[in-house]
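A short write-up of the structure that comes next.
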Amino acid sequence: MSRTGLLLAAAALAAVLALAAAKPQPGKLDSVDVDSVLKNKRLFDNYFKCIMDKAPCSVEGAELKERLPKDLATKCASCTDTEKARAKKVINHIKKERKEVWEDFKKKYDPEGKWGDLEWVSAA
């Protein structure tokens with residue numbers, strides 16, 4: 001998830017934060033320090049608001065937001081091992097530390113509940 005900064009991280013997410021990466025080529029998210037984002041509520045919230053369409057996006061946030069649906073749908077099939085590890089870190093953090101954010105994320109990106117709690121990320 002070196003391209004996500006997930007999460008979230010990203011986050012943002014992401015997440016989320018973190019579930020990015022189309023190819024193992026360097027990208028805009030490679031330079032995002034996921035640990036710093038997860039420790040800094042303001043940074044995390046900025047990424048999260050971006051992917052939730054509630055605030056403008058940074059360059060990295062925009063890339064995360066663009067790639068997130070595909071990476072979720074394909075279970076991050078084209079992600080590198082590093083990207084998967086970053087995604088795991090972001091998802092686990094959100095599920096444990098930011099439960100209200102996790103619920104909002106699932107409502108937007110998995111309204112039908114077909115991906116569950118992204119166990120495939122947590123187990124990666």
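Values in this document were obtained by computation on a predicted structure and should not be read as measured data.
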Completion exercise
Shortest non-hydrogen pair, G61 vs I51, comes out as O-CG2, 4.5 Å
Handout entry: Nearest-0.5 Å distance, CZ of residue R86 to CG of residue L38
Key = 9.5 Å
Exercise for the section: Indicate the atoms forming the closest heavy-atom contact of C50 with A62, along with that distance. Expected result: SG-N, 4.0 Å
Practice task
Might you confirm whether atom NZ of K108 has over 12 heavy atoms from other residues, nucleotides or ligands at distances under 6.0 Å?
Solution key: yes
Completion exercise
With sequence neighbours left out, the residues meeting side chain to side chain contact (heavy atoms under 4.5 Å, CB included) with S36 are D33
Exercise for the section: Could you tell me the separation between the NE2 atom of H93 and the NZ atom of K39, rounded to the nearest 0.5 Å? Expected result: 10.5 Å
Practice task
Salt-bridge test for E100 and R98: reply yes if a basic N is under 4.0 Å from a carboxylate O, no otherwise.
Solution key: yes
Handout entry: Heavy-atom pair with the smallest gap, counting every atom of K65 and C57
Key = CD-SG, 4.0 Å
Exercise for the section: Measure the CZ-CD1 distance between F105 and I94 for me, rounded to the nearest 0.5 Å. Expected result: 7.0 Å
Problem - Crowding at CD, E97 (>12 non-hydrogen neighbours, <6.0 Å) - result: yes
Exercise for the section: Identify the two heavy atoms, one from D104 and one from M52, that lie closest to each other, and give their separation to 0.1 Å. Expected result: O-CE, 3.3 Å
Practice task
Might you confirm whether atom NZ of K49 has over 12 heavy atoms from other residues, nucleotides or ligands at distances under 6.0 Å?
Solution key: no
Fill in the blank from the handout: For F44 and V37 the tightest heavy-atom approach is CB-O, 3.5 Å
Practice task
Determine yes or no for a side-chain-to-main-chain donor-acceptor pair under 3.5 angstrom, with Y47 supplying the side chain and L64 the backbone.
Solution key: no
Completion exercise
Looking only at heavy atoms, the pair that brings K84 and C79 closest together is CE-O, 3.6 Å
